[in-house]
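One structure is given here, and the rest of the page talks about it.
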Amino acid sequence: MKRSYAAAAGIAVVATLALAGCSSSGDDAAAPEESSGPVTLTMSGWSLDTTPEFQKLADAYHEKNPDVTVELKGYDAAEYNTLVTADLAAGSAPDIITQKEVKFVPTFVNGGQLLDVSDVKLPDGISGAKSYEVDGTAYAVPYRNDSWVLYYNKALFDQAGVDYPDGSWTWDDYADAADALTTGLTAAGSAAKGAYLHNWQSTVQGFANAQTDSDILKGKYDYMEPFYERQLAMQAAGDQVDFNTAKANQLTYQGEFGKQNAAMLPMGTWFVATLIAQQASGDADTFDWGIAPIPQESSKTTGLDNTPVTFGDPTGLGINAAIDKSKVAAAKDFLAFAAGEEGAQVLAGIGITPALLTDAVVDTYFSVDGAPTDDLSKFAYSTHEVHPENPTSDKAAAIQGILGDMHTAIMSGSQSPADAIKEAQDRVANEVGTD
């Protein structure tokens, strides 16, 4: 399965959690009552001043349904799940709960805090829906689903005399290109490096999981070792800023790419909208850029005749189980709107990647002023096999915490990949358990 510009068929390879004895709030709730007048729904969001998608969806839905108003309740992005969980427990949470991270969905479900929304009709080809199913029941719907691609600065490639990515790269090709770029840029008098790898664990582990079709719940992580060895070699060669320097100087991927300190950047499609806005405001330099398929571990998934494998979790909308029964019908209708073609068009119009990609939605996305227009960028954006970063499991958050420690130990040089991986495997077995 793939998300394709010609036929958007989303894929998510997910582990579905079977929760013995878990109560479904949707099963216990009384039937929704018909609203007798105007309805006001509240919806959670984060960083509302810089994240326009929530207000755009609310306004578009209200325009279509004048009797329904969607009001936003903003939360701190870094503490979002903690704060929303506290409000749910206190009975003060909004009606619609935005699901920021898939790995926390089981926490809400275990607490009986989300309504069963299995009856919300979703369009064919939507990506990420399975990530919100627990024991066969849907507790949220996806409205956006970013995936990881390769950003590249055409001006720096030209300055270094290196050919642009063409969709055929493996990770070894990427490493070779980073070396050639660093060498060429240095010779041209530039201090820019060939690539920038942000310090998140997903910049290595997400690709290792997806491109080897591995499951972190199994507790074995040896398959990650070659991915780490490659990044350490690039770091040692000076083709990308080393992990410790990036952490100590609090470098941002927006700044490193936007200020032309790096010619390549593996990053999620959400950065498209940010880069466009920063170039328009002057926070980023003005230069010609594009996106290419993320490099692949195997040549079997490279080239424009194949489907590159990448990763990315959806972002979804669920309904507070404590919602007033008279609002349930309107809340479910809003979820269907946000996940459907109309919601997708709203998101694409501001450079956000919706969970539904159709030809019309992709056209809207690339018509945004400042977006790249070349064919490879459109291919990279719309044609890929997307594996989720996080399985839907109550073990995912704990395991990811251990793997985060492993990532830091390896990239900082405090442990070899082999030793850090063995320690992580032992910790997962002893502290969490495996499937």
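A quick note: this is a predicted structure, and the numbers were derived from the prediction, not measured.
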Over all heavy atoms of both residues, which pair between [X] and [Y] is shortest? Give the atoms and the distance, please.
{"X": "Thr302", "Y": "Ser298", "value": "CG2-O, 3.6 Å"}
{"X": "Tyr75", "Y": "Ser44", "value": "CE1-CB, 3.7 Å"}
{"X": "Leu122", "Y": "Ala339", "value": "CD2-CB, 3.8 Å"}
{"X": "Asn320", "Y": "Ala93", "value": "ND2-O, 3.5 Å"}
{"X": "Ala178", "Y": "Met234", "value": "CB-CE, 3.6 Å"}

Original post:
Which is it for Leu48 and Gln55 under the side-chain contact (heavy atoms from CB on, under 4.5 Å) test, yes or no, and what are the steps along the way?
Top reply: CA-CA 8 Å; Leu48 299 184; Gln55 193 64 58; over 6 Å; no
Counting neighbours of [atom1] on [X] that are heavy atoms of other residues, nucleotides or ligands and sit closer than 6.0 Å, is the number greater than 12?
{"X": "Asn249", "atom1": "CG", "value": "yes"}
{"X": "Asp369", "atom1": "CG", "value": "no"}
{"X": "Lys220", "atom1": "NZ", "value": "no"}
{"X": "Asp222", "atom1": "CG", "value": "yes"}
{"X": "Lys259", "atom1": "NZ", "value": "yes"}
{"X": "Lys154", "atom1": "NZ", "value": "yes"}

Any side-chain heavy atom of [X] within less than 4.5 Å of one from [Y]?
{"X": "Phe257", "Y": "Met267", "value": "no"}
{"X": "Arg427", "Y": "Asp405", "value": "yes"}
{"X": "Asp87", "Y": "Lys73", "value": "yes"}
{"X": "Val204", "Y": "Leu197", "value": "yes"}
{"X": "Glu229", "Y": "Pro417", "value": "yes"}
{"X": "Ile216", "Y": "Pro391", "value": "yes"}
{"X": "Val102", "Y": "Pro314", "value": "yes"}
{"X": "Thr98", "Y": "Tyr143", "value": "yes"}

Rounded to the nearest 0.5 Å, what separation is found between the [atom1] atom of [X] and the [atom2] atom of [Y]?
{"X": "Asp435", "Y": "Lys218", "atom1": "CG", "atom2": "NZ", "result": "6.0 Å"}
{"X": "Asn81", "Y": "Leu88", "atom1": "CG", "atom2": "CG", "result": "10.5 Å"}
{"X": "Asn199", "Y": "Asp242", "atom1": "CG", "atom2": "CG", "result": "11.5 Å"}
{"X": "Thr51", "Y": "Trp270", "atom1": "OG1", "atom2": "CH2", "result": "13.0 Å"}
{"X": "Leu114", "Y": "Ile319", "atom1": "CG", "atom2": "CD1", "result": "9.5 Å"}
{"X": "Thr301", "Y": "His384", "atom1": "OG1", "atom2": "NE2", "result": "13.5 Å"}

Subject >> Identified side chain to side chain donor-acceptor pair (under 3.5 Å) counterpart of Gln240 within the set Gln231, Lys193, Glu256 >> reply: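 The side chain to side chain donor-acceptor pair (under 3.5 Å) with Gln240 is passed solely by Gln231 among Gln231, Lys193, Glu256.
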For [Y], does its backbone N or O pair with a side-chain atom of [X] as donor and acceptor, under 3.5 Å?
{"X": "Gln415", "Y": "Met406", "value": "no"}
{"X": "Ser47", "Y": "Thr50", "value": "no"}
{"X": "Ser377", "Y": "Ile291", "value": "yes"}
{"X": "Asp95", "Y": "Ile323", "value": "no"}
{"X": "Thr392", "Y": "Tyr132", "value": "no"}
{"X": "Thr408", "Y": "Gly404", "value": "yes"}
{"X": "Gln205", "Y": "Leu403", "value": "yes"}
{"X": "Gln296", "Y": "Ile294", "value": "yes"}
{"X": "Tyr196", "Y": "Val241", "value": "no"}
{"X": "Thr170", "Y": "Ser299", "value": "no"}

Less than 6.0 angstrom separating the ring centers of [X] and [Y], yes or no?
{"X": "Tyr152", "Y": "Tyr164", "result": "yes"}
{"X": "Phe271", "Y": "Tyr151", "result": "yes"}
{"X": "Tyr365", "Y": "Tyr381", "result": "yes"}
{"X": "Trp200", "Y": "Tyr253", "result": "yes"}

Have [X] and [Y] got a donor and an acceptor in their side chains that come within less than 3.5 Å?
{"X": "Thr364", "Y": "Gln345", "result": "yes"}
{"X": "Asp166", "Y": "Ser168", "result": "yes"}
{"X": "Gln400", "Y": "Glu389", "result": "no"}
{"X": "Asp239", "Y": "Thr182", "result": "yes"}

**OP:** Would you sort out whether Asn209 and Met224 count as a side-chain contact (heavy atoms from CB on, under 4.5 Å), showing the intermediate values?
**Re:** CA-CA 8 Å; Asn209 293 333; Met224 294 186 184; 3.3 Å; yes
Original post:
In terms of the angle between their ring planes, are Trp171 and Tyr174 parallel, tilted or perpendicular, with boundaries placed at 30° and 60°?
Top reply: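 Trp171 and Tyr174: perpendicular rings.
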Subject >> Criterion side-chain contact (heavy atoms from CB on, under 4.5 Å) on Phe157 and Leu181, from CA distance to verdict >> reply: CA-CA 7 Å; Phe157 268 76; Leu181 284 161; 3.6 Å; yes
Subject >> Full working for side-chain hydrogen bond (donor to acceptor under 3.5 Å, both in side chains) between Glu101 and Asn390 >> reply: CA-CA 8 Å; Glu101 297 179 75; Asn390 292 283; 5.7 Å; no
**OP:** Evaluate the criterion side-chain contact (heavy atoms from CB on, under 4.5 Å) for residue pair Thr85 and Phe104; output intermediate values, then yes/no.
**Re:** CA-CA 10 Å; Thr85 299; Phe104 291 105; over 6 Å; no
**OP:** For the pair Lys56 and Glu53, find out whether any cationic side-chain nitrogen is under 4.0 Å from an anionic carboxylate oxygen.
**Re:**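 No, no charged N to carboxylate O under 4.0 Å.
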